[in-house]
Amino acid sequence: MPAPDPASPAPGTPPAFVAIGPAGSGKSHVARELARRLRAAYLDKDSLAGDLVDAALELVGRRAGGREDDPTYVERLMPAEYKALFATAADNLRLGLPVVLDAPFAAYLADPGFLTTSADRASWPTGTPVVVVEVRTSEETVRTRLTQRGLPRDRAKLADWPAFWRQLGTQNCAWSGARHIVVNNDGEPDLDDVVALARSQQLSTFS
């Protein structure tokens, strides 16, 4: 279970929402809708760095679109992607804008200190309230979505589906320093609880 909720931030401090979930869970849909409803900056890791990652892989003779099955990506490029994501979030937070981060975070979910350490390294404003939105979807729905969208980066997942689901489909998030809320996304997600939580912070951004 995650650590207890952190102390309430000062009113008016823009929050950060971090949407997590395995590929195909629909976390991007949830994150975009949440950003729309809360008038927050939407930050998608793939939009920020996906093309650069593919170009870097091609330059070193690797397969563009390779991800978790490519050690060059896992060891060198993935950490840089997440560093850029947190840095871009910091830029927006310092402008007084709430943010919604959209990324799998699968390699980091078991590290209790990942979220706070990453935010500190990116110099997020002191007292930034953080809400982790855990998007959960059934195995059958995730597999159907990955098959239908047909992205190159999903081929390895589908090729060894039992291993993918066992390793990434049922992960728990151990992060401390944030509130955690679960959203079921087998159908149309109900984000009312997340929006209510944001408004309960009494932040001027959402007034």
Side-chain angles (χ1 to χ4, degrees), residues 2-21 23 27-56 67 73-135 171 173-181 183 191 194-195 197-207:
D5 291 343
S8 297
T13 306
F17 295 85
V18 184
I20 64 173
K27 69 182 174 302
S28 293
H29 172 69
V30 169
R32 284 192 295 266
E33 179 62 15
L34 184 60
R36 184 189 68 80
R37 292 180 63 172
L38 298 179
R39 304 191 304 279
Y42 169 65
L43 306 176
D44 175 19
K45 178 178 72 67
D46 289 335
S47 295
L48 288 171
D51 288 344
L52 290 173
V53 167
D54 283 343
R67 291 295 186 270
Y73 171 75
V74 172
E75 297 168 12
R76 300 295 302 276
L77 298 175
M78 184 171 69
E81 282 187 296
Y82 281 96
K83 183 177 179 181
L85 181 66
F86 276 85
T88 305
D91 289 340
N92 283 274
L93 290 167
R94 285 192 289 268
L95 291 172
L97 300 173
V99 298
V100 177
L101 280 64
D102 175 7
F105 292 98
Y108 306 112
L109 294 179
D111 178 1
F114 170 78
L115 187 60
T116 53
T117 298
S118 298
D120 287 344
R121 287 175 178 169
S123 299
W124 282 18
T126 301
T128 297
V130 183
V131 178
V132 176
V133 181
E134 301 185 35
V135 181
Q171 282 183 297
C173 180
W175 293 345
S176 60
R179 297 177 185 268
H180 290 245
I181 190 166
V183 172
L191 299 180
V194 187
V195 173
L197 176 60
R199 289 173 176 160
S200 74
Q201 302 276 355
Q202 297 182 345
L203 302 172
S204 59
T205 305
F206 303 124
S207 60

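For the numbers below, each heavy atom of this structure counts, side chains included, while hydrogens, waters and symmetry mates do not. A quick note: this is a predicted structure, and the numbers were derived from the prediction, not measured. Positions are given from 1, in the same order as the sequence printed here.
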(message) Do W175 and V130 have side chains that approach each other closer than 4.5 Å (heavy atoms only, starting at C-beta)?
(response) no

(message) As an exercise, state the distance from CG of D46 to CG of L52, rounded to the nearest 0.5 Å.
(response) 11.5 Å

(request) Kindly assign one of parallel, tilted or perpendicular to the pair F114 and Y108, based on the angle between their ring planes and the thresholds 30° and 60°. (result) parallel

(message) Just checking R121: does its CZ atom have more than 12 heavy atoms from other residues, nucleotides or ligands closer to it than 6.0 angstrom?
(response) no

(message) Within this structure, what is the CD-CG distance for the pair E33 and L38, rounded to the nearest 0.5 Å?
(response) 9.5 Å

(message) Distance check, rounded to the nearest 0.5 Å: T128 atom OG1 versus R94 atom CZ?
(response) 9.5 Å

(request) Kindly give the heavy-atom pair with the smallest separation between A178 and L115, and that separation in Å. (result) CB-CD2, 3.7 Å

(request) Taking all heavy atoms of L93 and all of P15, pick out the closest pair and write down the distance. (result) CD2-O, 3.7 Å

(request) Specify the closest pair of heavy atoms between A89 and V99, including all atoms of both residues, with the distance to one decimal. (result) O-CG1, 4.0 Å

(request) Calculate, to the nearest 0.5 Å, the distance between atoms CD1 and CG belonging to I20 and L109 respectively. (result) 5.0 Å

(message) Within the structure provided, determine whether L97 and P14 are in side-chain contact (heavy-atom separation under 4.5 Å).
(response) no

(request) Would you mind reporting whether R179 and P129 have side-chain heavy atoms less than 4.5 Å apart? (result) no

(message) Determine whether the aromatic ring centres of residues W124 and F86 are separated by less than 6.0 angstrom.
(response) yes

(message) How close do Y82 and A106 get, counting heavy atoms only, and between which atoms?
(response) OH-N, 4.5 Å

(message) For a quick test of reading the model, state the closest non-hydrogen atom pair linking C173 to V132 and the distance between them.
(response) SG-CG1, 4.5 Å

(message) Nearest 0.5 angstrom please: L101 CG to S118 OG, how far?
(response) 10.0 Å

(request) Could you walk me through whether D102 and K27 pass the side chain to side chain contact (heavy atoms under 4.5 Å, CB included) test, one step at a time? (result) CA-CA 7 Å; D102 175 7; K27 69 182 174 302; 3.6 Å; yes

(message) Closer than 3.5 angstrom, by distance alone: can the side chain of Y42 be matched with the main-chain N or O of R36 as a donor-acceptor pair?
(response) no

(request) Answer whether the closest heavy-atom distance between the side chains of N92 and L43 falls below 4.5 Å. (result) yes

(request) Could you tell me which non-hydrogen atom of A174 sits nearest to which non-hydrogen atom of A110, and how far apart they are? (result) CB-O, 3.9 Å

